[in-house]
Structures are given as structure tokens and as C-alpha cells.
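For reference, the structure is listed below as C-alpha cells.
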Amino acid sequence: MPKLIKKINNDKLEIFLDDILIFEHSKDTPSIFVGDGREDILMYRGNFRITNLEDSKIPLKLFKETDNDIEFYYGEDSVTLSFSEEENKCALKLKSKKEYSRFWIRIKADKDEHIYGLGEQMSHFNLRGKLFPIWSSEPGVGRNKNTYITWMSDSTGMAGGDYWTTNYPQPSYMSSKKYSLFSDSYAYSEFDFRNENFTEISVWKVPEQIILWKEDSFYKLMESFTEYFGRQPNIPDWVNDGIIVGIQGGWDKIKRVLNDLKSYGVNVSGIWIQDWEGIRMTSFGQRLMWNWAHDPNRYPDFKENVKKLKEEGIRFLAYSNCYLAVDGNLFKEAKDLGYLSKNDKGEIYEVDFGEFYCGIPDFTRDEVCKWFAKRILVEEMIDYGIEGWMADFGEYLPIDVKLSESVAMQKHNEWPILWAKVNDIALDMAGKKGDIFIFMRASGSRAQRYAPVLWAGDQSVDFSKDDGLATVIPAALSSAVSGFSYHHSDIGGYTSLYGNVRTPELNDRWIEFAAFTSAMRSHETNRPNDNVQLYDCPTTMVLLSKMVRIFKALKEYRIHFMKDAKERGISLIRPLFFEYENDKEAYSVDYEYMLGSDILVAPVWKEKTDIWDVYLPKDKWIHLWTDKEYEGGQTVTVGSKVGNIPVFIRKTSKYLDLFKSLKSL
């Protein structure tokens, strides 16, 4: 059980979490500040520009003890801090007499300390040295202000993004000193890791509490952390049996693609049909109707055909999100029931999603959540035999929308959690928990118990480090230390703009990577006709068949660690230092991971290379494809031609025979 220890020496206050100094405060070096400010926020299609107009930042230089509390004050301004200790966590409870719109606290840091987490971060795993806003948004296209694609995206639609933009921000981090911290607020906040001596957390509201966990191992730390946040439901068993193939275009095309896949021996566990409810064409590319009922013209005899596919062992998966297009019948139903959010004139708030508009169901009302779950997710989807869907969006909530039960600015970061709950309600209503595969890109604090699987969002269809294949690795690792056990990505990426189209090589590298993750699922992109598909290229189909067989063969291994995830909250994809906490080099590895405890994966995320450098932690390793043995504690160079993704197995693994059989599949 961790303890908070308070030490006072004259005008200096120190607070320890067991033996770790986490807070240091004196008159000359205060660590708590309050103030007020305003914000200028512009939203365009889920992309935000946020300007902080700070009016005051007052250091609360003085402090005094009163009973078990500590009051920080200066003049008329004050904040009271009290301690709370439970079985596996501690909390710094915060109260203020005034309402402050700005609050700052500084947490002690060391020069050599590594920091991870903040939800899903796609450009960096170790967060030290940078500032990270916590605000759910589109992650952006390009995500590097020095690239052409980012510049074009910013110029044409404010959509370029940056290193910190993410669908899933969470105000929590894990330290290499084996403690985790959570700032308990959904308000906009910033975590500033640029100072060597402290981390400054700023919140646009005094948070209720700052929760701390401390354990003697990272596995125990994750167990305590996820006990509080909740643990993800199990992935349905059938997902382990093959790939979920993204296809669009009607029953004839689906039949043709499935026949082609079958001829190459590809195990298909499901088909993911985005356009099940119809399409609309926009300048961005092919979009959907956003009226969550099947399109009888595009997919006639829908229920019967879904049933036939199931009889062949292939599940039908669809697409949905938490908005309703104004030209659909479900929008009209929600409007007539009074379930849609309003603007400041009392009219239905309509959000621009790129040449079409949508209403926002008010998920702050229980009856609206239950209506959406039953009327749409159950009656229009589950009752028709749909066994999974992409539960998209959640990060678009405008700050000026009028909600029934809260201010939108304070609900924005919580909106993805409410959307996850709606999906969970639908599974409860249908009695389908554990059977239906739901995957989400937007998330936040405490969504873990509702969202079965994360997917990494809309990567560009390229090898760029900031927005391409590479970003999935730190995304999976940061999500893992933030409490999500299951993570995967669109095979081949999604976003194709400004002449950026994917190549067969990109598809191939993504396929071999996906075989060593939680799930295999492909995407046709936003411009399917411009991009090569998995089923277009014979050599890719041969590779796909092989890698899906490997994925299926690893089912027993993954299920073993899925039990670990359910019981302890330990992620399937995990950082190297979880296993090798005494290996200092392991803390600086951003682009490798452990799958379970016995497989090390180092995906090739650069194009046109047949060799790859891999750091092996201190252990004995066997290269999967050559059986060559390596001593860990060093970086080795191995051949990495397509189909031979750098994978190493622990020599002492009880699954050694299984692993050795993989290369012959």
C-alpha cells in the first residue's frame, strides 16, 4: 500500500510517495498557482485551434497546516490540499473557495526520468522534453509542420495536426520510477515536460483530485491502475481465427473478393463493410450516408445475405458513429423526440462534416443514450445479424453546443466515454457482450471498461514517421500504459490526399506487422479507387495468406495473455521495460514491443530496406526466421525482407515449439 509522507522544514514543504519526492514547495519556489483566463477556440471538422488568453497566474507562496489539510494561499487566493490513502492508491484532494478557470501544479521530476502515457500518443513514446495538450480531436493529416501534406492540410482545412493531436488524450502518465499519476478532470489541460526538475500540469479548472499509484514492478502498477480505470472486455474468440477484410461496393464485389481470398488460402473471419448504409461523394473522397440503417438498393436482401455469410463462418461488420445526418430518417426521429442538442438560438445544432451536416444526440441524457443504443445499434444493426462495427468519432463535440446537463467545454473530453457507454448499453440490451467486435478510435479517462478494442485512427497511406505506419507503435505502447489492453490499426492506413497513395510495399509491411498485434483488419482508404488493395496484388495475397496463418496459429498464445489482461489489466502489446525493468536501454526503445512476454517485435516502418537494427534486452533470444540465437543487451542487425518482419522469441518460452512451427506455415 503506497503512502504519502509529508515533511515540513520552516517554509519548505515536501511530499513523498513512499520514497519518491513528488512535490516540493516553498515561498521562493512555489509549486501551486491559480488564476483566470479565457480561450479562443476554433473548430473546423474536428480540428481545433486553441488559444489560451491568460489573465492571471498567482503563485500561492505560503502554506499552513490545519488538521490533516494543507492550505496554500497568497492574499485572498487559496487552495486546500488533503491526503487520501486507500489500499493501492493515494490521492491529493483539492478544494478552492473561489472558482478559478486556471490551475497549475508542479510535480517533481529528475533529469533521467522517462515519462509515458497521456492516452494514445502517436509521435513520441517517451514524453519528456515536450508539452502535450489534453484535448480530444482529429489527429490531423501529416502531423509534421515541415511536410508538404501537413502544409496542404492546414491550408485547405485546418487539418494538418501536430505531434500532440490525438483522438484519445488522457491526463495520466507513468514514470520510469514505477509510479503513475492521474489528474482527475475532463477539462482542457496541458502536461509540460520541458523542465528537467518538474512537470507542470495546468488545468482549466481546479481538478477534484490527483491520484497516485506506486508499486515495485510495472506489472503490479498496471494492475492497480486498471483496477481503478476498469479493464477492457475480452476480444470475441472468432476475431483470433483470421483477418477482417474491409470491402465496399455491394454483394457482387464482396462475393468476388471473398472468392479471390479463398483461392489464395486466406482465412477470413469477417468482412467489414463501411458502405452498408450507403455512400455520398465529397471532395475528400467517398463518404457514407450517416443514417444508420442498411441501404436496400446497395445491399438488397440484407438480413438473408448476412445470415448466409455467417453460415460460411464469415461475420458481417459495419460502420457507425455518434452523429445523425440531417437528410436521414433517424435524424428526423431524434428531432421529433427532442433528443438532439441545440445551439444558442434553441435550434438543432448542425455540425459540418465536410459537405454534409449532422445532428448531435445529447448523450448527457440517459433516455437519449438508451434510445440510440436500442433504436439504432440493436434494431438496425445487431437484429440484422451484424456482429461488429467501427464505433467512429466522439472527438467532434463543439464547445458552443447546448447540452441538457453540462457545459460543452467541460464535456468535450468526456464525450468519447459517453459514446463508448452507448455501445456498451447496446451489447447489454442484446445480450451480446463477448460476441460482438467493437473498435473505437476516440477515448478518454475511464472508457477502458466499455471500449473492447482501440484502433489507431486515420494514418496516412505512407511510411512517414509522424503519420504513417510508424505511428501505430508508440500509439499502441502509450495506450498500453494508459490502461488499454488491446490495440490494432487499419492495415494499409486510411488517409490518401494530395497525391499520396499507398504502394504494395506499404500494404505488405502493414500486413506482417498486423499479424503480431491484437487483431487483423484492413481498410480500403478514403479513396478506394486510387489506392491498391490487399486483394489487387497476387504477391500481396500470398503474403497475406501466410501472415494470417501465423496470426491464427498464435491464437493460443494471445488468449493466454488476454486472460492476463482481464484479470490484471496487463496489455497484450507492451513496452520492453515491462519485462526488462533492469535494462536501462529498454526505457528508450520507442519502435519495438513485446507481444505477451515471450515475443519481441520490431516492425519495419521504412520503405525499401531489407535489413533492420533491433535492440534485444538482456536475455537469450532466437530469431524467428533463421533460428539463430542471440545474446541480449545489444543491438543486432538482421535481414528483414518482406514477409520476414524482425521477430525474436525468448529462448526459455514454454511456447518454443509453437514459435518454431510458424516459419513453415
Side-chain angles (χ1 to χ4, degrees), residues 32-60 77 79 94 96 98-106 118-119 121 130-140 143 145 154 157-172 183-194 199-208 210 341-345 349-352 360 362 364 393-418 442-445:
I32 288 186
F33 305 77
V34 294
D36 285 297
R38 295 155 291 127
E39 56 274 349
D40 182 15
I41 300 181
L42 174 64
M43 183 192 96
Y44 185 65
R45 298 177 182 173
N47 302 282
F48 291 82
R49 284 183 182 164
I50 301 174
T51 303
N52 180 17
L53 306 171
E54 192 176 294
D55 294 326
S56 61
K57 184 176 182 178
I58 302 161
L60 302 182
D77 296 292
V79 170
L94 297 160
S96 60
K98 293 183 183 179
E99 287 285 332
Y100 297 106
S101 59
R102 300 291 185 270
F103 171 83
W104 297 261
I105 185 169
R106 292 176 176 176
L118 296 190
Q121 296 295 330
K130 291 189 176 294
L131 180 145
F132 292 85
I134 302 298
W135 185 256
S136 184
S137 72
E138 283 277 8
R143 305 184 73 256
K145 296 304 185 186
D154 277 335
M158 208 177 81
D162 212 329
Y163 70 88
W164 56 269
T165 45
T166 176
N167 308 109
Y168 166 34
Q170 181 171 293
S172 72
S183 175
D184 192 0
S185 174
Y186 289 113
Y188 176 90
S189 59
E190 293 179 348
F191 283 65
D192 189 347
F193 301 110
R194 293 175 294 185
T199 294
E200 183 170 81
I201 303 170
S202 64
V203 189
W204 287 5
K205 184 180 182 180
V206 177
E208 177 184 338
I210 292 174
S341 305
K342 304 292 182 63
N343 60 24
D344 56 6
K345 296 179 181 178
Y349 196 110
E350 296 183 3
V351 184
D352 176 9
I360 309 170
D362 187 349
T364 64
F393 291 97
E395 59 281 282
Y396 270 51
L397 185 71
I399 64 162
D400 57 343
V401 68
K402 304 303 176 185
L403 303 171
S404 297
E405 314 238 341
S406 184
V407 177
M409 184 68 192
Q410 299 299 324
K411 275 293 178 186
H412 175 86
N413 279 341
E414 191 181 357
W415 205 254
I417 295 90
L418 300 181
S443 196
S445 311

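Reckoned from all heavy atoms, side chains included, excluding hydrogens, waters and symmetry mates. In this text, all values refer to a predicted model and were calculated from it rather than measured experimentally.
- N52 and Y188 are not linked by any side-chain donor-acceptor pair at a separation below 3.5 angstrom, with hydrogens and angles left out of the test.
- Atom CD1 of I417 is separated from atom OG of S443 by 6.0 Å, given to the nearest 0.5 angstrom.
- Applying the side chain to side chain donor-acceptor pair (under 3.5 Å) criterion to S101, with sequence neighbours excluded, gives D36.
- A187 pairs by the side-chain contact (heavy atoms from CB on, under 4.5 Å) definition with S185, V203, K205, Q410, not counting sequence neighbours.
- Counting heavy atoms from C-beta outward, T51 and L53 have side chains that approach closer than 4.5 Å.
- Counting heavy atoms from C-beta on, the side chains of P133 and L131 come closer than 4.5 Å.
- Using a 4.5 Å cut-off on side-chain heavy atoms (C-beta onward), F191 and L118 make contact.
- How far CE of M158 is from CZ of R49: 5.5 Å, rounded to the nearest 0.5 Å.
- With S341 contributing its side chain and I360 its backbone, the two residues share a donor-acceptor pair below 3.5 Å.
- Expressed to the nearest 0.5 Å, how far CG of D162 lies from NZ of K145 amounts to 5.0 Å.
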Exercise. Where do K342 and D362 land on the side-chain contact (heavy atoms from CB on, under 4.5 Å) test, with the steps shown first?
Worked result: CA-CA 9 Å; K342 304 292 182 63; D362 187 349; over 6 Å; no
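- Residues that satisfy the ring pair (Phe, Tyr, Trp, His ring centres under 6.0 Å) test with Y186, not counting sequence neighbours, are absent from this structure.
- P59 meets the side-chain contact (heavy atoms from CB on, under 4.5 Å) test with P30, F33, K61; sequence neighbours excluded.
- With sequence neighbours left out, R106 forms a side chain to side chain donor-acceptor pair (under 3.5 Å) with E200.
- Centroid-to-centroid, the aromatic rings of F393 and Y396 come within less than 6.0 Å.
- Between D77 and K98 the shortest side-chain heavy-atom distance falls below 4.5 Å.
- Between E138 and R143 there is no salt bridge, since no side-chain N of the basic residue sits under 4.0 Å from a carboxylate O of the acidic one.
- Judged as a ring pair (Phe, Tyr, Trp, His ring centres under 6.0 Å), and not counting sequence neighbours, the contacts of F48 are W135, H412.
- Residues V79 and L60 form a side-chain contact, since some pair of their non-hydrogen atoms from C-beta on lies under 4.5 Å apart.
- Atom CD of E208 is separated from atom OG of S183 by 10.5 Å, given to the nearest 0.5 angstrom.
- For W415, the ring pair (Phe, Tyr, Trp, His ring centres under 6.0 Å) test picks out F363, with sequence neighbours left out.
- Side chain of N167 to backbone of S137: a donor-acceptor contact under 3.5 angstrom is found.
- Residues that satisfy the salt bridge (Lys or Arg N to Asp or Glu O under 4.0 Å) test with R194, not counting sequence neighbours, are D192.
- Among residues two or more places apart in sequence or in another chain, the salt bridge (Lys or Arg N to Asp or Glu O under 4.0 Å) test is passed with K411 by E414.
- You'll find the side chain of E190 stays beyond 4.5 Å of the side chain of I201, heavy atoms only.
- One distance of note links CG of L397 with CE of M43; it measures 8.5 Å at 0.5 Å rounding.
- Residues D184 and P207 are not in side-chain contact: their nearest non-hydrogen atoms beyond the backbone lie 4.5 Å or more apart.
- Note: K130 NZ to W164 CH2 = 13.0 Å, rounded to the nearest 0.5 Å.
- K402 places none of its side-chain heavy atoms less than 4.5 Å from the side chain of Y349.
- Considering only residues two or more places apart in sequence or on other chains, R38 meets the side chain to side chain donor-acceptor pair (under 3.5 Å) condition with D55.
- P169 meets the side-chain contact (heavy atoms from CB on, under 4.5 Å) test with I134, S136, T166, N413; sequence neighbours excluded.
- Partners of N47 according to the side chain to side chain donor-acceptor pair (under 3.5 Å) rule, which considers only residues two or more places apart in sequence or in another chain, do not exist here.
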